[in-house]
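Count residues from 1 along the sequence.
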Amino acid sequence: MAELFELDENSGIPLWVQLRNRLTYLISVGHYHADDQLPTVRGLAVDAKINYNTVNKVYQSLERDGYIVTRRGLGTFVCDLSKLGAAAPGSATDAMIDEFLRRSLGLGIPLEDIPNQVKRRIKKMKAE
């Protein structure tokens with residue numbers, strides 16, 4: 001299970017954001033299905049080798065956004081996102097793209113220039 005939650009301490013992205021993104025991705029792609037029980041906060045903290053409070057922050061954030069629900073005395077479970085319809089949370093990829101666009105705009109890059117810059121980077125990655 002630890003391999004599902006490998007985090008990069010050198011990425012510059014806070015660990016709690018990395019873990020949140022990973023969990024939303026795993027839920028969005030169906031690795032975790034509706035009503036599947038997630039690892040306990042303590043268990044995930046041990047597996048991911050991070051602080052208990054960090055995992056707790058992630059679970060609170062995911063619950064607030066409708067991905068999971070905590071059932072007292074039973075554990076934490078994945079919500080049925082299809083029942084949320086239009087209110088369903090966006091995918092982890094959407095959140096990452098939105099953050100990328102906000103940061104790009106914050107650097108003064110016009111929206112019109114972003115696709116060309118992304119294409120250049122993809123081309124460079126393919127060449128590596």
**Request:** List, by chain and number, the other hydrophobic cluster members for Val69, where Ile, Leu, Val, Met, Phe, Trp and Tyr join if side-chain heavy atoms come within less than 4.5 Å, directly or indirectly.
**Result:** Leu74, Phe77
**Prompt:** Are Thr24 and Asp65 side-chain neighbours, meaning at least one heavy-atom pair lies under 4.5 Å?
**Reply:** no
**Prompt:** Rounded to the nearest 0.5 Å, what separation is found between the CD atom of Gln18 and the CD atom of Glu6?
**Reply:** 11.0 Å
**Message:** As an exercise, state the distance from CG of Leu26 to OH of Tyr32, rounded to the nearest 0.5 Å.
**Reply:** 6.0 Å
**Message:** According to a hydrophobic-cluster definition based on side-chain heavy atoms being under 4.5 Å apart (Ile, Leu, Val, Met, Phe, Trp, Tyr only), do Val46 and Tyr59 belong together?
**Reply:** no
**Prompt:** Can you find a pair of side-chain heavy atoms, one from Leu19 and one from Val55, that are under 4.5 Å apart?
**Reply:** yes
Identify all side-chain donor-acceptor contacts of residues 103-114 below 3.5 Å with residues at least two apart in sequence or on another chain.
{"from": "Arg103", "atom 1": "NE", "to": "Glu99", "atom 2": "OE2", "distance (Å)": "2.8"}
{"from": "Ser104", "atom 1": "OG", "to": "Phe100", "atom 2": "O", "distance (Å)": "2.9"}

**Item:** Leu62 to Arg20 - nearest heavy-atom pair and separation
**Value:** CD2-CG, 3.9 Å
**Request:** State, yes or no, whether a side-chain contact exists between Gln117 and Arg120 at a heavy-atom distance under 4.5 Å.
**Result:** yes
**Asked** Under 4.5 Å between any side-chain heavy atoms of Tyr67 and Ser61, yes or no?
**Response** no
**Gln37 to Gly75 - nearest heavy-atom pair and separation** = NE2-CA, 3.7 Å
**Message:** Is there a side-chain contact between Asn51 and Leu15 in this structure, where contact means two heavy atoms from C-beta onward sitting under 4.5 Å apart?
**Reply:** no
**Request:** Write down the atom of Ile68, the atom of Cys79, and the distance for their closest heavy-atom approach.
**Result:** C-SG, 3.4 Å
**Message:** My understanding is that only residues two or more places apart in sequence, or in another chain, count here; which of them pass side-chain contact (heavy atoms from CB on, under 4.5 Å) with Lys124?
**Reply:** Arg121, Glu128
**Request:** Identify the two heavy atoms, one from Leu7 and one from Ala48, that lie closest to each other, and give their separation to 0.1 Å.
**Result:** CD1-CB, 4.5 Å
**Request:** Hey, could you give me the CZ/OG1 distance between Arg71 and Thr76, rounded to the nearest 0.5 Å?
**Result:** 9.5 Å
**Prompt:** Taking it one step at a time, do Trp16 and Ile50 satisfy side chain to side chain contact (heavy atoms under 4.5 Å, CB included)?
**Reply:** CA-CA 9 Å; Trp16 82 271; Ile50 57 176; over 6 Å; no
